[in-house]
2 protein chains.
Amino acid sequence: MYRIGELAKLNQINADTLRYYEKNGLLKPSGRSASGYRVYNDADAQQLRFILRAKAIGFSLTEIQELLEIDHNRAQWACQDVKGMVEAKAVLIQTKIDELVQFRDSLQHLADACCGGPESAEHCSILDALEANS
Amino acid sequence: MYRIGELAKLNQINADTLRYYEKNGLLKPSGRSASGYRVYNDADAQQLRFILRAKAIGFSLTEIQELLEIDHNRAQWACQDVKGMVEAKAVLIQTKIDELVQFRDSLQHLADACCGGPESAEHCSILDALEANS
DNA sequence: ATAAACCTTTGAGTTAAGTCCAAGGTCAAC
DNA sequence: GTTGACCTTGGACTTAACTCAAAGGTTTAT
């Protein structure tokens with residue numbers, strides 16, 4: 001049994017984050033104390049670790065909600081559903097990687113063409129490239 | 001001489017975006033018509049292309065503002081200042097790429113271990129991995 | 001008995017880069 | 001002389017995932 005601050009500290013997050021997760025349907029404490037304090041049990045703590053692990057992997061909170069729903073009703077889902085979600089996410093990430101690689105290459109291209117010296121930037125090739133008509 | 005809608009259309013952006021750029025000090029129209037309409041000249045149009053090109057490369061509007069400032073005062077800056085900015089940005093992007101590659105590998109790892117079949121997810125290795133204690 | 005450290009709720013603020021809306025003024029065509 | 005397309009301003013809204021503040025109640029230690 002944990003109080004909110006305790007559970008937060010154990011997982012190195014902010015108590016506000018736990019309230020936020022509750023408001024968004026990700027983690028509801030199993031009970032409340034007589035005075036209204038949130039009380040989390042071990043199952044709650046485990047679910048929180050599920051959430052944080054999935055987040056670290058890169059899932060959004062909305063996606064995590066879907067994963068939790070599946071996890072709580074495993075019998076009603078097929079392995080391929082879950083694998084499909086993960087693979088779709090992988091494709092998205094790959095797209096993002098490709099974009100960034102292209103971006104990095106553009107930058108590298110600009111930097112490579114620049115003398116990089118202490119001279120005035122009057123004729124800087126980088127600025128010229130950005131100025132260029134066309 | 002262009003009016004806001006004209007310049008926007010030519011560059012395939014929204015007129016609101018031009019007003020937003022003005023508010024944020026990126027592009028001030030060189031004048032106003034008698035009735036208060038924004039009037040952009042060719043130099044303005046060229047600066048807009050500078051902005052859009054830098055944005056396509058991946059710079060944030062704040063960074064573009066810095067680039068513009070340098071561009072407008074080239075004599076006061078050295079090539080190495082500009083090159084430094086570009087290279088710093090490249091390092092940041094590389095870091096982001098590394099993170100995403102790691103994320104993608106994590107996902108791939110999960111997906112590879114999953115049978116992906118039409119069977120119930122009762123014993124899905126992906127969900128198990130997220131559930132795992134430790 | 002009181003101070004410190006915790007908890008409660010509601011609601012607003014944060015970042016980035018726009019996008020949309022309302023209420024109204026202007027311009028060109030027919 | 002009146003549509004319709006354009007323009008003006010100010011301000012609110014969007015997404016994601018928190019984070020903070022205010023005003024007050026509870027618990028724990030001294």
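A note on names: the letters A, B, ... follow the listed sequences, proteins ahead of strands, and every chain is numbered from 1.
Residues B:Arg32 and B:Glu22 are paired through a salt bridge, judged by an N-O separation under 4.0 Å between the basic side chain and the carboxylate. Between B:Arg74 and A:Asp128 a salt bridge is recorded (basic side-chain N to carboxylate O distance below 4.0 Å).
Judged by closest nucleotide on DNA chain C, B:Phe59 is the one of B:Phe59 and B:Ala34 placed further toward the 5' end. Map B:Arg19 and A:Arg32 each onto its nearest nucleotide of DNA chain C; the residue landing nearer the 5' end is A:Arg32. In this structure, A:Asp16 and A:Ser35 both approach DNA chain D, and ranking their closest nucleotides by distance from the 5' end singles out A:Asp16.
Between B:Ala113 and B:Ser125, the closest heavy-atom pair is O-OG, 3.1 Å. Shortest non-hydrogen contact noted between A:Arg3 and A:Tyr40 is C-CD1, 4.4 Å.
In this structure, A:Asp81 contributes its side chain and A:Ala78 its backbone to a donor-acceptor pair below 3.5 Å.
The neighbour count for B:Gln102 CD, taken as heavy atoms of other residues, nucleotides or ligands under 6.0 Å away, does not exceed 12. Taking a 6.0 Å sphere around CD of A:Glu119, one finds it holds more than 12 heavy atoms contributed by other residues, nucleotides or ligands.
Within the 4.5 Å cutoff, side-chain heavy atoms of B:Leu7 are placed close to those of B:Leu18. Counting heavy atoms from C-beta on, the side chains of A:Ile97 and B:Phe103 never come closer than 4.5 Å. Counting heavy atoms from C-beta on, the side chains of B:Lys83 and B:Glu87 come closer than 4.5 Å.
At the heavy-atom level, A:Lys23 lies nowhere under 4.0 Å from the strands shown. Using a 4.0 Å heavy-atom criterion, one finds that A:Ser33 contacts no nucleic acid atom at all. The residue A:Lys9 sits apart from the nucleic acid: no heavy atom pair falls under 4.0 Å. Within the 4.0 angstrom heavy-atom criterion, only backbone atoms of the sugar-phosphate kind lie near B:Asn14; the bases stay farther away.
Taken together through direct or relayed side-chain contacts under 4.5 Å among Ile, Leu, Val, Met, Phe, Trp and Tyr, B:Tyr37 and B:Leu48 form parts of separate hydrophobic clusters.
The nucleotide range of DNA chain D contacted by chain A, defined by atoms under 4.0 angstrom from heavy atoms of the protein and reported 5' to 3', is D:dA17 to D:dT27. Extent of DNA chain C lying under 4.0 Å from chain A heavy atoms, first and last nucleotide in 5' to 3' order, is C:dC6 to C:dT9.
Axis angle across the helix from C:dA1-D:dT30 to C:dC30-D:dG1, with five pairs used at each end and values rounded to 10°: 20°.
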